[in-house]
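Lettering of chains follows the sequences in order, A, B, ..., and the numbering in each one begins at 1.
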2 protein chains.
Amino acid sequence: MTPSDPATLPDTMTVIGFDGHGGPEVLKPRTQAVPRPGAGEVLIAVRAAGINRPDVLQRLGAYSPPKGAPDWPGLEVAGTVAAIGEGVEGRALGEAVVALLPGGGYADYAIAPAGSVLPLPAGLDFVHGAALPETFFTVWSNVFTRGRLVAGETFLVHGGTSGIGTTAIQLAKAFGAHVATTVGSADKAEAARGLGADLAIDYRREDFAERLTTWLDGRGIDLTLDMVGGDYVARNIAVAATDGRIVQIAHLRGKEAAVDVGAVMVKRLTLTGSTLRARDIGFKAAIAAELLEKVWPLIEAGRVRPLIDTVYPLTEAAEAHRHMDVDHIGKIVLEVGKA
Amino acid sequence: MTPSDPATLPDTMTVIGFDGHGGPEVLKPRTQAVPRPGAGEVLIAVRAAGINRPDVLQRLGAYSPPKGAPDWPGLEVAGTVAAIGEGVEGRALGEAVVALLPGGGYADYAIAPAGSVLPLPAGLDFVHGAALPETFFTVWSNVFTRGRLVAGETFLVHGGTSGIGTTAIQLAKAFGAHVATTVGSADKAEAARGLGADLAIDYRREDFAERLTTWLDGRGIDLTLDMVGGDYVARNIAVAATDGRIVQIAHLRGKEAAVDVGAVMVKRLTLTGSTLRARDIGFKAAIAAELLEKVWPLIEAGRVRPLIDTVYPLTEAAEAHRHMDVDHIGKIVLEVGKA
């Protein structure tokens, strides 16, 4: 507890956790003590929490939270600052913020490292704010830092209507790239084009690699952001331009990939990838600083917006997880205190 | 022809070329006109020419010379400047030089782009000079530029007694890396250790990946330089450290590789590669400038030396190529005018 910690904090809160791994039905409310922020931490009164694929994997038992993180899911929240730990600068009690978390966002209160907290962009409500951190930290660090995308280059992102996809399309476009994406239906293709994609390929109707060999006179893809893996990897390589980069951030179709290292040499490709959750707080703070400087103004100007598919009350997290397995466009978000 | 072109140049010269692809026996002397340097080019009176694996592939019909290059092999020579094209600065007639060539080194005279010409390091004869360009340009650009090796990191190079291997071991060591290598015999292991390798693994006797999991307390390999490909790629990934890089420069065991993209993500690996011959003259000039500044002094101080296995007269190029397929340690070099 610090001097800035309001006396009004309750002792307990509701979180959505699970006792055993399994389907969405394992997600159940339970009571936990309200945590107190340690040095360098901020306690957030959660108003909305975004749902992400790793939450589903964690529920299934395929993705353990990092050491020290809560055992209930939730990688991103929006809310108000409820308490401030020692040594934290630049945050005010009651301030509307969004935060990337190591876990524990499905709750009335959540602890965030101060470097992972950003102001809620002007003009956004908490639901839209909660949809920002995971995808914006991921897209910024992989597309612009690791992937080094620059204006005038060609960019391909798979899953164009996923949280990552909708964010990547908009940011790549805002920074001057030619953007192609793959999607699973005509409706999704339209949504992707609405977000700024120059080309949206329905992968159920045509082979994306064949389609891309003729796009922009066959100049090839400078950067691919891929969360599919499996047989997509060889096709990503096939459509890559000379000096192209392929950044892997998930592998929904499998992690085993066939790679033609001769093509890697001849095209001088870079195959790389990363996971966000494992990075240290210094890395995340650096990404947050870049987002605040370069991306928050675009959001506040209305040029980039988080896309929301559906909002559920926190208590209906199980239903929200069921929704993750069926068609959706943009993010699914939990709202806190609205049940 | 330029004002600096000596009138003493003969009209014709002997080169070693081939009419049809095949075994070493297709290599035969023939007479060609002595070329004259165009703008930005230097004509070198060849005293020695290095033999490289791409020469063998070219002889077999598996590697075409780039457009505009002579159709006889030879990627590197040492000799004296015999004529200087327009616009070339910093070179003098008669100066002892070494050069990286797009081809045509198996000859009495060869044309080099001025940016690919470097002075013969003091203390080296032409035979040792001819062994420098291909491996030193390749190792510098892939290990230090593309691979970003820095002091204190761990470095693995396969084929430790090849031209690339002997150069990579010495340069990595000279710049402060911990160096491991794989070799095919106990003799070669001793040779590799003699060049500075901290660990030389006989891949015929033990699995290099298993051995490396315990090397330096299992810290993993920061940079691997690989010319083997095939099943080595998965093992390179298995032994890579977090943020490790794997640079592919050939694929003697096949270009099809199985890659675990999950490991690429979790370790944040970079898999990349390049070919030297296809690069433009500007790139090669930039590498040459770095070699002159950072590596030539090491050679002249005796800290790094090209390793020569055997020297053949130019007219015995066929025999020299036969030698490429049997055990050798270091480079095989052709000497001109000594038959």
Side-chain angles (χ1 to χ4, degrees), chain A residues 53-54 57 62-64 66 138 141-142 145-148 158 224-237 240 242-280 283, chain B residues 53-54 57 62-64 66 138 141-142 145-148 158 224-237 240 242-280 283:
Chain A
R53 186 66 49 188
L57 298 177
Y63 192 172
S64 297
T138 298
S141 60
N142 285 292
T145 305
R146 182 165 292 268
R148 305 186 311 278
H158 294 298
T224 295
L225 182 67
D226 183 41
M227 66 292 284
V228 181
D231 64 321
Y232 269 42
V233 176
R235 286 190 272 170
N236 292 338
I237 291 171
T242 299
D243 293 317
R245 293 85 66 199
I246 298 167
V247 179
Q248 204 76 39
I249 55 167
H251 43 72
L252 299 175
R253 276 166 81 146
K255 62 185 183 179
E256 289 304 328
V259 168
D260 174 351
V261 296
V264 170
M265 287 168 48
V266 170
K267 293 188 184 181
R268 302 190 294 271
L269 303 183
T270 295
L271 278 64
T272 184
S274 72
T275 63
L276 178 60
R277 203 172 186 179
R279 304 308 295 270
D280 62 33
F283 175 85
Chain B
R53 187 65 49 189
L57 297 177
Y63 193 170
S64 298
T138 297
S141 60
N142 285 292
T145 305
R146 182 164 292 269
R148 305 186 310 278
H158 295 297
T224 295
L225 182 66
D226 183 40
M227 66 292 282
V228 182
D231 63 321
Y232 269 42
V233 176
R235 287 190 272 171
N236 292 338
I237 291 171
T242 298
D243 293 316
R245 292 86 65 199
I246 298 167
V247 179
Q248 204 76 41
I249 55 169
H251 43 73
L252 298 175
R253 276 166 81 145
K255 63 185 183 178
E256 289 303 327
V259 167
D260 175 350
V261 295
V264 170
M265 286 168 47
V266 169
K267 294 187 183 180
R268 300 189 296 269
L269 303 182
T270 296
L271 277 65
T272 185
S274 72
T275 62
L276 178 61
R277 201 172 186 180
R279 304 309 294 270
D280 61 34
F283 175 86

Please flag which part of A:Asp226 lies under 4.5 Å from any non-hydrogen atom of chain B: side chain, backbone, both or neither. neither

So, the part of B:Arg146 with a heavy atom under 4.5 Å from chain A: the answer is side chain

With chain B, which of A:Ala263, A:Ala250, A:Ala234 has the greatest number of heavy-atom pairs at distances under 4.5 Å? A:Ala250

From the list A:Val261, A:Asp243, A:Thr270, side-chain contact (heavy atoms from CB on, under 4.5 Å) with B:Thr272 holds only for A:Thr270

Would you mind checking which part of B:Ile249 comes under 4.5 Å of any heavy atom in chain A, side chain (CB onward), backbone (N, CA, C, O), both or neither? backbone

Pairwise distance CD(A:Gln248) to CG(B:Leu269) - rounded to 0.5 angstrom: 12.0 Å

A:Ser274 side chain vs B:Met265 backbone, donor-acceptor pair below 3.5 Å: no

Let's test your reading of the structure: which of A:Ala257, A:Gly262, A:Gly230 forms the most heavy-atom pairs below 4.5 Å with chain B? A:Ala257

Quick check: closest heavy atoms across B:Leu271 and A:Val264, and the distance to 0.1 Å? O-CG1, 4.5 Å

Below 4.5 Å, heavy-atom pairs only: which of A:Gly254, A:Gly273, A:Ala278 has the largest tally toward chain B? A:Gly273

May I ask you to check whether over 12 heavy atoms, not counting those of B:Lys267, lie within 6.0 Å of atom NZ? yes

